[in-house]
Trainee: 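Right, I'll just put the structure down here and ask away after.
Computed from a predicted model, the values in this text were never measured in an experiment. Below, chain A is the first sequence line, B the second, and so on; all start at residue 1.
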Protein chains: 2
Amino acid sequence: MSCRNKLDTIFRSDLRDLMLISYVVLGNNAVTNRYIERTYRMPVQAWSALFAIVMFPGIKAKEIRALFPRPQNTISRAVSLLEARGLIEQRASAADGREKELLATAEGASLLAEIRAASVARQEELFAPLTPAERETFFELARKIAASPQLLETRTMAIDPESGKDGGSGPD
Amino acid sequence: MSCRNKLDTIFRSDLRDLMLISYVVLGNNAVTNRYIERTYRMPVQAWSALFAIVMFPGIKAKEIRALFPRPQNTISRAVSLLEARGLIEQRASAADGREKELLATAEGASLLAEIRAASVARQEELFAPLTPAERETFFELARKIAASPQLLETRTMAIDPESGKDGGSGPD
DNA sequence: CAAGAATTGATCCAGATGGATCTATCTGGC
DNA sequence: GCCAGATAGATCCATCTGGATCAATTCTTG
């Protein structure tokens, strides 16, 4: 059985949906991450953070976390890297001394525009197999999944089963 | 602007497709990886490899790589871990002394069945927002993307631009 | 059948990852 | 105002990651 046939078999198995979406995203990430890393010497979450900061001037680190589901220290490090390179500036929040408002510098905005153009090109390449109508359908369906709370708050894979506070045995 | 509104804005931007699919998969991975890691003390690729070995007895490490787009040494380590735990066995290939045929042990098959059941449950949870017809449509569209060569072989994000051998400047 | 090229899988190592912890600040009860 | 608890973000550290390299084996070509 060839690798191609093995892949088809997996995409006919009981886990076909998860396997397929993982395949697509792992494959795309391998391509994208390597490019960003080599070309700009920064991890993907750094440019994601820069994207968020350019889109939403004054955004807080905590809010970036809601946009890109990554651990808190990952965002913290990405912000440090961006600041060390002069791509963003941090400004203490007037309302809350713990928070820091993040703002892109001119260099940051310029660099983001460059990475963004490359990302849009990659996006078009990746979605080229779909017609515009199919692409819209795909987007809407993925949107439904993204909008549902169980994407981030699982019941089936709840951790801490001994306390049962997140488990399936509690009241609903 | 709330986090919810920020997210909506991102999903209306020029990078909405990539952002959305990344959001879904990063969010799901956070949930799934944490669970597998905590419950079974193994990285996700280890159970992916076990899945492949149970599905295709005698599979080679190289072939697993084609099923799960991960670096070669990642698969190599995952196989070592599975063997160290007695979940699989390696058998030298008769045809090629470099290759090793991988076979699950009874414990391996049993553990996989357990993880697999949890994964199917998670899959159903994740795709619950879609109707069966929508889910089928989503699968078919993702399938198209997975089947196209540009998923793994990019032209827009080709590395090694100085040699130009994969770059966009060459003949098409 | 010998020498070089190619391929499989293991190992090395610099840097990344993420859970846990720490510090600083804010909020609420008294 | 003071103290306990909550929250934002930084840092620690054990572990993981993946590109590069290595060793063993096979293929190619004459």
Trainee: Using atom CZ of B:Arg38 as one end and atom C1' of D:dT15 as the other, report the distance to the nearest whole Å.
Mentor: 16 Å
Trainee: Using nucleotides 4-7 of chain D, report all nitrogen or oxygen pairs with the protein that are shorter than 3.5 Å.
Mentor:
{"residue": "D:dT7", "atom": "O2", "partner": "A:Arg98", "partner atom": "NH1", "Å": "2.6"}

Trainee: If you look at every heavy atom in B:Phe139 and A:Phe11, which pair is closest and at what distance?
Mentor: CZ-O, 3.3 Å
Trainee: Could you tell me whether A:Arg135 and A:Glu124 have a side-chain N and a carboxylate O separated by less than 4.0 Å?
Mentor: yes
Trainee: Nearest heavy-atom pair of B:Ser13 and A:Met55: which atoms, and what distance?
Mentor: CB-CE, 4.0 Å
Trainee: Could you state the atom-to-atom distance from CD1 of B:Ile36 to C1' of C:dG19 in whole Å?
Mentor: 18 Å
Trainee: Considering non-hydrogen atoms only, spot the tightest contact between B:Leu67 and A:Tyr23 and give its length.
Mentor: O-CD1, 3.4 Å
Trainee: When the distance from CG of B:Asn29 to P of C:dT17 is rounded to whole Å, what number comes out?
Mentor: 14 Å
Trainee: Starting at atom CZ of B:Arg65, determine the distance to atom C1' of C:dT7, rounded to an integer number of angstrom.
Mentor: 11 Å
Trainee: Answer yes when B:Lys6 and A:Glu63 have at least one side-chain N-carboxylate O distance shorter than 4.0 Å, and no when they do not.
Mentor: yes
Trainee: Testing the basics here: between B:Ile53 and B:Leu103, what is the closest heavy-atom pair and its distance to 0.1 Å?
Mentor: CG2-C, 3.7 Å
Trainee: Specify the separation, in whole Å, of atom CD of B:Gln90 and atom P of C:dT8.
Mentor: 16 Å
Trainee: Return each pair, listed once, that meets salt bridge (Lys or Arg N to Asp or Glu O under 4.0 Å) where at least one residue sits in residues 136-150 of chain A; pairs must be two or more places apart or across chains.
Mentor: A:Glu136-B:Arg16, A:Arg143-B:Asp8, A:Lys144-B:Glu134
Trainee: Check whether any side-chain nitrogen or oxygen of B:Arg34 sits under 4.0 Å from OP1 or OP2 of C:dG18, and answer yes or no.
Mentor: no
Trainee: Does a side-chain N or O of A:Lys100 approach OP1 or OP2 of D:dA10 to a distance below 4.0 Å, or not?
Mentor: yes
Trainee: Starting from P on C:dA16, measure out to CZ on A:Arg70 and report it in whole angstrom.
Mentor: 13 Å
Trainee: Where each residue is assigned the nucleotide of DNA chain D containing its nearest heavy atom, which of B:Asp96 and A:Glu99 is assigned the position nearer the 5′ end?
Mentor: A:Glu99
Trainee: If only side-chain N and O atoms count, and only distance matters, is there a donor-acceptor pair under 3.5 Å linking A:Arg34 with A:Asn29?
Mentor: no
Trainee: Consider only side-chain heavy atoms of I, L, V, M, F, W and Y, link residues closer than 4.5 Å, and tell whether A:Leu18 and B:Leu50 are in one cluster.
Mentor: yes
Trainee: Calculate the interatomic distance between A:Asn33 atom CG and C:dT17 atom C1'; express it in whole Å.
Mentor: 13 Å
Trainee: May I have the distance from A:Glu37 (atom CD) to C:dG15 (atom C1'), rounded to whole angstrom?
Mentor: 9 Å
Trainee: Identify, residue by residue, the members of residues 72-81 of chain A with a heavy atom below 4.0 Å from DNA chain C, and return them in order of residue number, or none.
Mentor: A:Asn73, A:Thr74, A:Arg77
